[in-house]
2 protein chains.
Amino acid sequence: MAHHDVRTQPRRKRDGSTREAILDIALELFNTQGYDKTSLREIAERLGVTKAALYYHFARKEDILLELHLRLHSLGHDMLERLGTIDNAQHSPDAWLELLDFFIDQVVANQDLFLLHQRNHNAFEELERTEHHDADHDDLQQQLQRFLATPTIPLAQRVRMACSLGAVMGALMGANHVFGDVPATQIADLVRTITHDLLHPNTPQPSLKP
Amino acid sequence: MAHHDVRTQPRRKRDGSTREAILDIALELFNTQGYDKTSLREIAERLGVTKAALYYHFARKEDILLELHLRLHSLGHDMLERLGTIDNAQHSPDAWLELLDFFIDQVVANQDLFLLHQRNHNAFEELERTEHHDADHDDLQQQLQRFLATPTIPLAQRVRMACSLGAVMGALMGANHVFGDVPATQIADLVRTITHDLLHPNTPQPSLKP
DNA sequence: GTCTATATTTCGATAGAC
DNA sequence: GTCTATCGAAATATAGAC
């Protein structure tokens with residue numbers, strides 16, 4: 001579940017650890033400097049190889065970003081299925097809350113990838129413009145936005161759902177800089193409480209799960 | 001209050017409308033393509049002039065972004081003062097709610113500028129790394145983050161405040177694409193209600209203002 | 001203020017040896 | 001798999017005429 005096959009490539013040395021190292025360094029640099037401002041020379045330097053070596057593993061610079069995008073995409077796969085079940089009948093706040101619960105876990109566990117997507121929004125958009133976007137494998141965020149645009153759901157509730165998503169991102173993305181050394185899981189639990197208040201106004205919190 | 005002096009430049013033709021036109025086009029292109037992917041050639045082309053003409057108005061490309069940043073900064077100036085009064089004693093949810101109320105208006109009225117900041121986060125960061133950032137003229141977002149890091153405020157409430165900010169942004173930024181032709185002011189009112197629920201859990205809404 | 005060059009730099013990408 | 005060397009494109013920025 002961690003990788004998506006992509007085992008068409010040959011290998012002789014380093015068995016494939018270089019490819020992973022490239023992705024790790026790229027993820028870090030893309031997050032701190034941005035995708036465009038990060039050159040292949042910089043990535044190669046940090047890795048201790050030359051630019052040309054990168055081209056053995058990735059045909060284009062864009063493909064590095066694409067691979068990172070795929071990982072984020074596979075993370076959202078489970079969520080999108082749950083979204084489908086919601087779409088059919090029950091747009092209840094409870095179903096959405098359950099979805100958020102899962103989403104929060106994903107964000108905490110893969111903060112870097114979500115940060116990448118948020119901080120390089122434009123680069124990702126162009127990525128999907130180039131990759132001719134065959135079918136329904138939309139971005140997670142795009143699917144969520146399309147869901148929030150559903151006209152059959154009352155506007156007030158759609159706005160509530162949008163706010164709840166923003167609340168989760170707002171609290172968890174900058175968490176490292178703002179909440180210091182407080183463990184992310186603790187922040188996540190607080191956020192869960194808050195999303196409950198947000199979606200179930202004027203309803204007291206249920207007691208903690210045993 | 002709209003512009004910040006910057007009247008050191010000479011002028012012979014076009015009295016200064018070109019400068020404004022450059023900023024308008026740049027803002028649009030930066031939002032759709034990103035700051036890095038937008039070339040001066042592209043801006044000039046759209047304006048109907050040549051690249052060199054831009055350099056009469058802005059010494060560097062970075063200065064175009066900087067000017068846009070300053071406008072966003074001046075918008076936040078009032079808010080930061082209000083923040084200062086909160087910082088002294090009362091960290092009450094009501095004071096924060098009042099701040100949010102003002103913030104929501106700002107975001108609705110200047111959606112493009114806030115979008116610019118969100119979609120080009122990395123470019124803005126490098127901007128403040130270059131411009132040696134003399135004193136306390138931080139970014140609005142940076143000031144808010146520093147405030148949310150205040151250790152004297154209980155953690156649970158700090159997370160609530162972070163969530164409320166995220167909720168506002170989450171609902172208002174993508175509003176155009178998600179909520180279709182619903183006027184932004186209507187969304188804003190819904191968001192106000194939601195932020196109330198978020199900061200005053202289990203408390204019924206006060207009746208609408210007369 | 002705006003133009004026509006042109007300088008300078010950096011980047012993504014390729015070719016071919018090892 | 002990684003290297004050296006290099007190409008070609010595009011971008012920022014400058015010089016100087018009008």
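In what follows, chains are A, B, ... by sequence order, proteins preceding strands, each numbered from 1.
Phosphate proximity of D/dG1 to A/T18: absent, as no side-chain N or O sits under 4.0 Å from OP1 or OP2. For the OP1/OP2 pair of C/dA13 and a distance below 4.0 Å, the side-chain nitrogens and oxygens of A/Y55 include at least one atom meeting the criterion. Distances shorter than 4.0 Å separate none of the side-chain N or O atoms of B/S39 from OP1 or OP2 on D/dA10.
Rounded to a whole Å, the CZ atom of A/R41 is 19 Å from the P atom of D/dT6. Protein atom CD of A/E45 is 12 Å distant from nucleotide atom P of D/dC3, rounded to whole Å. At whole-Å resolution of the value, NZ in B/K37 and P in C/dG12 are 9 Å apart. If you measure from atom CD1 of B/I64 to atom C1' of D/dA11, you get 13 Å, rounded to the nearest angstrom. As rounded to whole Å, 15 Å separates atom C1' of D/dC3 from atom CG of A/L47. Put simply, NZ on B/K61 is 18 Å from C1' on D/dT14, counting in whole angstrom units. Atoms CD1 (B/I43) and P (D/dA13) sit 12 Å apart, rounded to a whole Å. A/F58 places its CZ atom 14 Å from the C1' atom of D/dG1, with the value rounded to the nearest Å.
Using a cutoff of 4.0 Å between basic side-chain nitrogens and carboxylate oxygens, A/E20 and A/R71 are scored as salt-bridged. Ion pair B/R60/B/E131 flagged as a salt bridge, since at least one NZ, NE, NH1 or NH2 atom sits closer than 4.0 Å to an Asp/Glu carboxylate oxygen. A salt bridge links A/E45 with A/R41: the closest approach of a Lys/Arg side-chain nitrogen to an acidic carboxylate oxygen falls below 4.0 angstrom. Between B/E42 and B/K61 there is no salt bridge, since none of the side-chain N atoms of the basic residue sits less than 4.0 Å from a carboxylate O of the acidic one.
In the set D/dA13, C/dC3, D/dT2, the nucleotide with an atom closest to the side chain of B/V49 is C/dC3. The B/R60 side chain lies nearest to D/dA13 when the options are D/dA13, D/dT2, C/dA13.
Within the 4.5 Å cutoff, side-chain heavy atoms of B/M79 are placed close to those of B/L99.
Not counting sequence neighbours, the partners of A/N110 by the side-chain contact (heavy atoms from CB on, under 4.5 Å) test are A/L75, A/Q106, A/L113, A/F114. When the salt bridge (Lys or Arg N to Asp or Glu O under 4.0 Å) test is applied to A/D94, no partner is found at least two apart in sequence or on another chain.
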Please enumerate all protein N or O atoms sitting under 3.5 Å from an N or O of nucleotides 4-9 of chain C, with distances to 0.1 Å.
none

